[in-house]
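Atoms considered below: every heavy atom in the structure, side chains included; atoms not considered: hydrogens, waters and symmetry mates. Every chain is numbered from 1, with letters handed out A, B, ... down the list of sequences.
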There are 2 protein chains.
Amino acid sequence: MPQHEPLPRDPVAEARRNWEREGWTQAAGPMAAVTSIMRAQQLLLARADRILKPFRLTFSRYEVLALLSFTREHRMLMKKASALLQVHPTSITNAVDRLEGAGLVRREPVSTDRRAVNVTLTPEGLEVVAQATRALNKDLFLTTGFEDHEVEAVVGALNGFRARCGDFTPPESSSDPRRAGS
Amino acid sequence: MPQHEPLPRDPVAEARRNWEREGWTQAAGPMAAVTSIMRAQQLLLARADRILKPFRLTFSRYEVLALLSFTREHRMLMKKASALLQVHPTSITNAVDRLEGAGLVRREPVSTDRRAVNVTLTPEGLEVVAQATRALNKDLFLTTGFEDHEVEAVVGALNGFRARCGDFTPPESSSDPRRAGS
DNA sequence: GGTCGAAAGTAGTACGTCCGACTATATCCG
DNA sequence: CGGATATAGTCGGACGTACTACTTTCGACC
């Protein structure tokens with residue numbers, strides 16, 4: 001699936017050695033982690049898009065569908081989708097435009113606020129997202145090769161980072177402060 | 001820096017609960033890991049681009065400059081840059097177009113192969129990449145908040161994944177088979 | 001030596017993302 | 001009540017990425 005031949009050596013390790021050679025030893029580890037994340041995301045996104053291609057979906061559009069499918073009424077405000085997916089409102093507009101064109105969602109007015117728009121999953125959309133999820137589970141999530149302890153390590157470490165970056169408010173007081181500890 | 005308010009709850013944990021509720025327990029962990037990686041990359045890229053903005057650089061263009069800066073002659077074939085950065089040749093063309101426009105690199109013909117093009121760092125480019133690297137070290141890598149053990153966990157786990165995906169050939173025989181061990 | 005396939009790079013197109021500007025509506029308050 | 005401000009969503013543009021198609025050149029084979 002990568003359009004490139006495998007490299008003879010790990011480019012992340014290479015970069016780390018370069019950093020250490022320049023004396024940036026403190027930054028070398030985090031730099032390697034950041035670079036690993038960037039490259040892994042690139043590989044994951046490419047794989048996901050390839051898996052979703054038969055459904056005429058991209059990963060971004062799949063995320064919108066999946067989000068809707070987990071709501072009671074299969075319906076959500078554009079604004080809320082934008083907030084939950086942490087993307088710019090125009091990205092949601094873009095995704096919904098295409099999903100609506102494909103008949104997988106509908107835009108509906110909101111009676112209590114005429115500025116707002118509800119996005120609703122159509123029956124076709126519900127069917128497609130179910131199939132797409134099965135495909136992703138089978139061909140991506142179940143075959144990443146991540147070991148259980150790696151999953152917890154990655155999720156745990158990135159959890160802390162995301163919380164610090166303001167992705168979400170870490171559960172400090174009430175809810176449940178369990179960490180992804182092994 | 002995120003253009004959104006922090007969410008009240010962790011969306012990754014939320015998704016994981018949804019997966020488990022549907023009975024996709026095997027896939028739930030890797031799904032959470034993948035989602036974490038996607039979101040972390042989004043946050044990291046946004047931060048990096050913001051840090052690089054004063055230098056009129058994006059992270060992609062910075063990567064090209066950094067790659068060149070670590071070669072002896074500050075020079076590299078387009079093709080090789082494409083392979084090392086694992087991006088499509090057209091992405092390199094795009095990046096080099098803009099870097100050349102900014103006077104940070106030059107395209108030079110290759111005497112032994114008239115199809116090929118060498119990209120060479122200009123003195124301005126060398127200066128800019130040095131400053132940009134200092135900025136990234138200071139404002140991104142040294143402030144990710146990753147603990148040492150988290151760095152090794154993330155790098156190690158993604159290392160395995162990237163090797164399996166064909167990002168690079170894992171060192172199995174000769175070179176140096178040390179893993180990202182603590 | 002000539003042909004034919006492969007390789008390096010570029011142009012054009014599609015898509016996703018962000019930003020800034022804009023419209024329409026809602027809300028706050030004086 | 002009415003103007004100022006804030007909010008929901010969209011439009012146009014910039015940028016990064018990938019894909020396809022194309023040109024030029026290389027190299028290999030007959």
Side-chain angles (χ1 to χ4, degrees), chain A residues 1-5 38-39 41-50 52-53 56-64 76-102 105 107-119, chain B residues 1-5 38-39 41-50 52-53 55-65 76-102 105 107-119:
Chain A
M1 32 303 287
Q3 61 280 22
H4 290 281
E5 289 302 304
M38 297 285 193
R39 289 187 95 106
Q41 189 266 355
Q42 192 176 13
L43 293 166
L44 287 167
L45 185 61
R47 260 178 85 169
D49 280 342
R50 232 163 36 83
L52 293 172
K53 195 158 197 179
R56 299 179 165 277
L57 285 178
T58 63
F59 192 69
S60 328
R61 284 178 253 169
Y62 167 78
E63 286 185 301
V64 174
M76 185 176 281
L77 292 176
M78 301 280 284
K79 170 67 182 185
K80 186 162 187 189
S82 162
L84 288 176
L85 296 176
Q86 296 280 87
V87 293
H88 199 274
T90 50
S91 297
I92 299 292
T93 295
N94 185 338
V96 169
D97 282 350
R98 299 173 193 282
L99 289 170
E100 195 172 29
V105 304
R107 277 183 168 93
E108 293 173 345
V110 179
S111 59
T112 59
D113 185 344
R114 289 196 295 172
R115 296 169 303 180
V117 173
N118 255 327
V119 187
Chain B
M1 27 307 288
Q3 61 279 25
H4 290 281
E5 289 302 304
M38 296 284 193
R39 288 186 96 108
Q41 189 267 354
Q42 193 177 11
L43 293 167
L44 286 167
L45 185 62
R47 261 179 82 169
D49 280 342
R50 234 164 32 84
L52 293 173
K53 195 161 195 175
F55 303 101
R56 299 179 165 277
L57 286 178
T58 62
F59 191 68
S60 327
R61 282 178 255 169
Y62 167 79
E63 285 185 301
V64 174
L65 293 184
M76 185 177 282
L77 292 176
M78 301 280 283
K79 171 66 182 184
K80 186 162 187 187
S82 162
L84 288 176
L85 296 176
Q86 295 282 90
V87 293
H88 199 276
T90 51
S91 297
I92 298 292
T93 295
N94 185 339
V96 170
D97 281 351
R98 299 174 194 281
L99 289 170
E100 196 171 28
V105 304
R107 276 182 169 94
E108 294 173 344
V110 178
S111 58
T112 59
D113 186 343
R114 289 196 296 174
R115 296 170 303 180
V117 173
N118 255 327
V119 188

Any [X] side-chain nitrogen or oxygen under 4.0 Å from OP1 or OP2 of [N]:
{"X": "Ser60(A)", "N": "dC15(C)", "value": "no"}
{"X": "Gln42(A)", "N": "dA18(D)", "value": "yes"}
{"X": "Thr58(A)", "N": "dG16(C)", "value": "yes"}
{"X": "Arg114(B)", "N": "dA8(C)", "value": "no"}
{"X": "Arg98(B)", "N": "dG16(D)", "value": "yes"}

Discussion item. Can a donor-acceptor pair be found, under 3.5 Å and without considering hydrogens, that links the side chain of Asn118(A) to the backbone of Val110(A)?
Written reply: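 Judged by distance alone, no pair lies under 3.5 Å.
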
Discussion item. Holding to side-chain hydrogen bond (donor to acceptor under 3.5 Å, both in side chains), I want the full list of residues that pass it with Thr58(A), two or more places apart in sequence or in another chain.
Written reply: Arg61(A)

Discussion item. So, using side-chain hydrogen bond (donor to acceptor under 3.5 Å, both in side chains) as the criterion, who are the partners of Thr93(A) when residues are at least two apart?
Written reply: none

Worksheet entry | Protein-to-nucleotide contact annotation, 5' to 3' order, nucleotides 5-12 of chain D [B base; S sugar-phosphate only; - none; under 4.0 Å, heavy atom] | -BBSSBBB

Taking atom [atom2] of [N] as reference, at what distance in whole Å does atom [atom1] of [X] sit?
{"X": "Leu57(A)", "N": "dG16(C)", "atom1": "CG", "atom2": "C1'", "result": "14 Å"}
{"X": "Asp49(A)", "N": "dA14(C)", "atom1": "CG", "atom2": "C1'", "result": "13 Å"}
{"X": "Leu52(A)", "N": "dA18(D)", "atom1": "CG", "atom2": "C1'", "result": "16 Å"}
{"X": "Asn94(B)", "N": "dT10(C)", "atom1": "CG", "atom2": "P", "result": "11 Å"}
{"X": "Glu63(A)", "N": "dC15(C)", "atom1": "CD", "atom2": "C1'", "result": "15 Å"}
{"X": "Gln41(A)", "N": "dT17(D)", "atom1": "CD", "atom2": "P", "result": "11 Å"}
{"X": "Glu108(B)", "N": "dA8(C)", "atom1": "CD", "atom2": "C1'", "result": "17 Å"}
{"X": "Tyr62(A)", "N": "dG16(C)", "atom1": "OH", "atom2": "P", "result": "16 Å"}

Practice prompt. Mind checking Ser82(A) for me? I need base, sugar-phosphate or nothing, with any heavy atom below 4.0 Å counting as a touch.
Written response: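 If one applies the 4.0 Å heavy-atom cut-off, Ser82(A) turns out to touch nothing in the nucleic acid.
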
Item to complete: Check whether any side-chain heavy atom of Val117(B) sits under 4.5 Å from a side-chain heavy atom of Leu77(B), and report yes or no.
Response: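 The answer is no; the side chains never approach within 4.5 Å.
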
Worksheet, complete the sentence: On DNA chain C, more 5' by nearest nucleotide between Ser111(A) and Ser91(A) is Ser91(A)

Worksheet, complete the sentence: The salt bridge (charged side-chain N to carboxylate O under 4.0 Å, His left out) partners of Glu100(B) (sequence neighbours excluded) come to Arg107(B)

Item to complete: Mind checking salt bridge (charged side-chain N to carboxylate O under 4.0 Å, His left out) for Arg98(A) and listing every partner two or more places apart, or none if nothing turns up?
Response: none

Discussion item. Suppose we screen for side-chain contact (heavy atoms from CB on, under 4.5 Å). Which residues come up paired with Gln41(B), at least two apart in sequence or across chains?
Written reply: Ile37(A), Met38(A), Gln41(A), Leu45(B)

